[in-house]
Amino acid sequence: MPLIEWTNELSIGIKSIDEQHIKLVNMINALNDAKLTGSSNELLGKIFTGLTAYTQKHFTYEENMFAEYGYSHFDEHKRQHNELIAQVIELKNKFVENPQGTINDDLLHFLKRWLTNHIMRTDKEYAEFLISKGVK
Ligand SMILES: [Fe+2]
Ligand SMILES: [Fe+2]
């Protein structure tokens, strides 16, 4: 069973965003699988670096949508994104400095909450607004 299961609960109802969220879920699951199968630090590092890069790309995508449609909670949402990015970069740097044992259950469960809480609490707040503007 994957660490994070994609369910309807995680869907915000906008196709392009759901697809990006699925990609993030898959990347965290891949990191978990790589850890469980005892993959090399090199592979773990590649997945982790990919996750941080794709997170930044996804957040920028959302922020561009907010700007385009004039979302009123833009600043608040962007502040959360900045915090989440800082957290994941800090963890990735820790791994780079000392890879042995850094990808453990605590870190994986942190990443699971890190992503799913943001989607379910904060991203869902903008979904209704964007859908009302005709975004699908
Ligand atoms: Fe998101
Ligand atoms: Fe977001």
Side-chain angles (χ1 to χ4, degrees):
M1 209 173 89
L3 176 67
I4 309 174
E5 242 180 309
W6 181 263
T7 61
N8 248 346
E9 232 188 337
L10 285 169
S11 168
I12 70 162
I14 298 170
K15 194 168 174 271
S16 60
I17 307 265
D18 279 345
E19 280 169 1
Q20 292 173 24
H21 287 160
I22 288 171
K23 207 161 163 177
L24 288 167
V25 163
N26 288 342
M27 289 175 121
I28 295 175
N29 285 337
L31 194 62
N32 184 55
D33 291 345
K35 178 229 160 211
L36 288 176
T37 54
S39 297
S40 65
N41 287 332
E42 195 191 339
L43 179 61
L44 291 169
K46 259 190 198 157
I47 300 171
F48 212 158
T49 302
L51 173 68
T52 55
Y54 193 70
T55 300
Q56 275 166 304
K57 195 172 162 188
H58 166 65
F59 286 174
T60 302
Y61 181 90
E62 284 186 353
E63 288 160 16
N64 287 341
M65 294 265 258
F66 301 161
E68 192 181 336
Y69 292 95
Y71 181 49
S72 59
H73 298 293
F74 182 109
D75 290 346
E76 211 177 298
H77 200 122
K78 191 178 162 74
R79 209 173 315 123
Q80 267 210 41
H81 281 171
N82 290 345
E83 224 170 273
L84 294 168
I85 286 281
Q87 285 173 330
V88 79
I89 287 177
E90 194 192 327
L91 291 171
K92 207 247 313 172
N93 289 344
K94 263 190 199 159
F95 168 78
V96 171
E97 274 165 36
N98 182 22
Q100 218 45 50
T102 301
I103 312 273
N104 55 31
D105 284 344
D106 282 351
L107 179 133
L108 287 156
H109 282 279
F110 173 83
L111 288 176
K112 178 180 178 172
R113 284 192 308 274
W114 171 87
L115 179 64
T116 57
N117 284 345
H118 182 70
I119 294 174
M120 292 199 284
R121 292 178 191 167
T122 313
D123 284 350
K124 277 198 178 167
E125 286 175 9
Y126 73 65
E128 204 181 328
F129 169 76
L130 288 185
I131 289 167
S132 79
K133 297 284 175 189
V135 178
K136 286 178 192 146

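Both counts, for ligands and for their atoms, begin at 1 and track the order of listing. Here the structure is a predicted model, which is why all the values come from computation and not from measurement.
- To the nearest 0.5 Å, the span separating OG1 on Thr116 from NE2 on His21 amounts to 11.0 Å.
- Under 2.8 Å from the Fe ion (ligand 1) lies no N/O/S atom of His118, from backbone or side chain alike.
- In this structure a side-chain-to-backbone donor-acceptor pair under 3.5 Å is missing from Ser39 to Lys35.
- In Asp123, the N, O or S atom that comes nearest to the Fe ion (ligand 1) is OD2.
- Look at Arg79 and Glu83 and you find no salt bridge, because none of the NZ, NE, NH1 or NH2 atoms lies under 4.0 Å from a carboxylate O.
- Angle subtended at the Fe ion (ligand 2) by His77 NE2 and His81 NE2: 90°, rounded to 10 degrees.
- Put simply, the angle at the Fe ion (ligand 1) from OE2 in Glu62 to NE2 in His58 is close to 80°, to the nearest 10°.
- In this structure, Lys23 satisfies the cation-pi test against Tyr54, with its NZ or CZ atom closer than 6.0 Å to the six-membered ring centre and inside 45 degrees of the ring normal.
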